[in-house]
Trainee: 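This structure is in structure tokens; I'll ask about it shortly.
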There are 2 protein chains.
Amino acid sequence: MGRSQLEKQKTHERIVELAARRLREEGLDGIGVADLMKEAGLTVGGFYKHFASRDELVAEAVQSAVESWRKQQEENGIDPAHIPLSEYVDIYLSENHRDHCGEGCAYAALTADMARSSEAVRSIATEGLRKNFDAMTARMPQPETADARQKAIIASCLMTGAVGLARVANDGALSSEILETVKQFVKSLAKTE
Amino acid sequence: MGRSQLEKQKTHERIVELAARRLREEGLDGIGVADLMKEAGLTVGGFYKHFASRDELVAEAVQSAVESWRKQQEENGIDPAHIPLSEYVDIYLSENHRDHCGEGCAYAALTADMARSSEAVRSIATEGLRKNFDAMTARMPQPETADARQKAIIASCLMTGAVGLARVANDGALSSEILETVKQFVKSLAKTE
DNA sequence: ATTATCTATAGATCTATAGATAATGC
DNA sequence: ATTATCTATAGATCTATAGATAATGC
């Protein structure tokens, strides 16, 4: 019923951030446009003044989800570029992260969904992945070496894989065993050389 | 239009195996009942004499997909219980596996989908995961040690995570770098102790 | 005058069912 | 007689659009 341009921009961001959470929870095919708008306190008709299509929202939401993990760490007073790997791993491989995929790492929550998605989404995800590898390399003991980059790639695959499989296991003991085993190992990866 | 019970059983298996492939390709919400039956050379009406619901097919197809990787290795003359880890890794972390997720490992293709799915599907996936960890432990140098189990869990998370992220990256160089880096590392994991 | 959002709905798609058809198997 | 599959369709759900409403902003 008529709002200012500033309010429209805020509404747009609210929809994207809500979608970023709900799509990580339900997958990229999950929540529908009508339900999403309802959760945002709006109705379906207004959606298409913000996005040309659902696919366009998905692309924006994936971008937001890829960035949100870093943003969230910053909001919690953690500098993702300088946090020691051992502390970062405690957060990433926690039961809290496992149980709250909507607010968690996009790569753990949406790997297969992103791989199956459009080239637009895959390009966004690929650039985010590159940045994540670089950030992880910077957390290694001697960041300038080729060895640090290799370890960063290994740690990244290991951490996303572990949270993914820990979410599959509906046996709490097995799920925790995965998280704990990988946690210890990634810590040792940062120490040894 | 009227077939023997034997033929019905074969038809049932054909639908399940086709679904196991198509669901790994498109995700568990992917292909619809009508399209699936059409690809099987049948029509939609017959589906519900085989399965009470689409969900029931999905559970059977996940079971089939979880077992199919092992079956496929056996068909190719590979004994999954005794293949050296270094050879297994060459197959798992190959570009061929990355590019053919429909015939590949269910855990690399469907991690997030299985985590989001019903308890029935999650239980099937959890049991399969347990067996995979055991099989991977048996491939380690000293399989009876706790260290072997830990390495098996690490290798499993690393391999599923690596194939997943390699499928996300639409930059061939980055994708291959992930596969190659992890391949070398898992091989070293089996040697060192 | 423009536009952000609303209500209402068209059109496509998907799951599941009803009833018909043509084989099997006692 | 039973049943495996077929054709046809009901009912639900989802994306996208049309037209109305009530604000903004020149």
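Please read these numbers as outputs of a predicted model, since none were measured by experiment.
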Trainee: Just how far, in rounded Å, is P of D/dA4 from CD of B/Q9?
Mentor: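 In whole Å, D/dA4 P and B/Q9 CD are 11 Å from each other.
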Trainee: Looking only at atom types and distance, does a side-chain atom of B/Y107 sit under 3.5 Å from a main-chain N or O of B/S156, one as donor and one as acceptor?
Mentor: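 No; zero donor-acceptor contacts below 3.5 Å.
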Trainee: Return the nearest nucleotide to the side chain of A/V44; candidates are D/dA8, C/dA4, C/dA8.
Mentor: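 When the side chain of A/V44 is considered, C/dA8 is the closest of D/dA8, C/dA4, C/dA8.
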Trainee: If you compare every side-chain N and O of A/Y48 against the phosphate oxygens of D/dT17 (OP1, OP2), does one of them come in below 4.0 Å?
Mentor: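 False: A/Y48 side-chain N/O out of range (4.0 Å or more) of D/dT17 OP1/OP2.
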Trainee: Looking at B/R21 and B/E25, is there a salt bridge between them, counting it only when a charged N and a carboxylate O are closer than 4.0 Å?
Mentor: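 Yes, charged N to carboxylate O under 4.0 Å.
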Trainee: Does the distance from a Lys or Arg side-chain N to an Asp or Glu carboxylate O, for B/D147 and B/K151, drop under 4.0 Å?
Mentor: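 Counted as a salt bridge, because a side-chain N and a carboxylate O are separated by less than 4.0 Å.
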Trainee: Ignoring backbone atoms, test whether A/S53 places a side-chain nitrogen or oxygen under 4.0 Å from the OP1 or OP2 oxygen of D/dT15.
Mentor: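 Indeed not, no polar side-chain atom of A/S53 lies that close.
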Trainee: Measure the distance from CG on A/D35 to P on D/dC14 and round it to the nearest whole Å.
Mentor: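 Answer to the nearest Å: 6 Å.
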Trainee: Could you tell me whether the side chains of A/N170 and B/S123 share a donor-acceptor contact shorter than 3.5 Å?
Mentor: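 There is such a pair (donor and acceptor under 3.5 Å, judged by atom type) between the side chains of A/N170 and B/S123.
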Trainee: Salt-bridged, B/E13 to B/K10, with N to O below 4.0 Å?
Mentor: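 B/K10 and B/E13: not salt-bridged.
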Trainee: Just checking A/G45: base, sugar-phosphate only, or nothing, at a heavy-atom cut-off of under 4.0 Å?
Mentor: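 Base contact.
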Trainee: Quick check on D/dA4: is either OP1 or OP2 less than 4.0 Å from any side-chain nitrogen or oxygen of B/K49?
Mentor: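 So the side-chain polar atoms of B/K49 never come under 4.0 Å of the phosphate oxygens OP1 or OP2 of D/dA4.
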Trainee: Using whole Å, what does the distance between atom C1' of nucleotide C/dC6 and atom NZ of A/K38 come to?
Mentor: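 For the pair A/K38 NZ and C/dC6 C1', the rounded distance is 15 Å.
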Trainee: Taking a pair as Watson-Crick or G-U wobble with both distances under 3.5 Å, which nucleotide is matched to D/dC6?
Mentor: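 The base-pairing partner of D/dC6, which may sit in any strand shown, is C/dG19.
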Trainee: Without decimals, in angstroms, what is the distance between A/E26 CD and D/dT13 P?
Mentor: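 Value for this atom pair: 14 Å.
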Trainee: Output the rounded distance in Å from CZ (B/F47) to P (C/dT17).
Mentor: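 Taking atom P of C/dT17 as the reference, CZ of B/F47 is at 11 Å.
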Trainee: Determine: side-chain N/O of A/T11 to OP1/OP2 of C/dT5, distance under 4.0 Å, yes or no.
Mentor: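 For C/dT5, OP1 or OP2 has a side-chain N or O of A/T11 closer than 4.0 Å.
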Trainee: Rounding to an integer number of Å, can you tell me how far A/K10 NZ sits from C/dT5 P?
Mentor: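 My rounded result for the distance is 13 Å.
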Trainee: In terms of side-chain heavy atoms of B/K8, which of C/dT15, C/dA4, D/dT5 is nearest?
Mentor: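 The closest nucleotide is D/dT5.
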Trainee: Starting at the 5' end of DNA chain C, which residue's closest nucleotide do you reach first, B/R54 or B/L6?
Mentor: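 Nearer the 5' end of the strand: B/R54.
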Trainee: Please determine, for the side chain of B/L42, which listed nucleotide (D/dC6, C/dT5, D/dA4) has the closest atom?
Mentor: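 Closest nucleotide to the B/L42 side chain: D/dC6.
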Trainee: Using whole Å, what does the distance between atom P of nucleotide D/dC6 and atom CE of B/M37 come to?
Mentor: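 Taking CE of B/M37 and P of D/dC6, I get 7 Å after rounding.
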Trainee: Output yes when at least one side-chain N/O atom of B/H50 is less than 4.0 Å from OP1 or OP2 of D/dT5, else no.
Mentor: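 Looking at the OP1 and OP2 atoms of D/dT5, one of them is under 4.0 Å from a side-chain N or O of B/H50.
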Trainee: Let me know the distance between CD of B/Q5 and C1' of C/dT24, rounded to the nearest Å.
Mentor: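 Distance check: B/Q5 CD to C/dT24 C1' gives 9 Å.
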Trainee: Which sits closer to the 5' end of DNA chain C, A/G41 or B/I31, going by the nucleotide each is nearest to?
Mentor: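 The residue whose closest nucleotide sits nearer the 5' end is A/G41.
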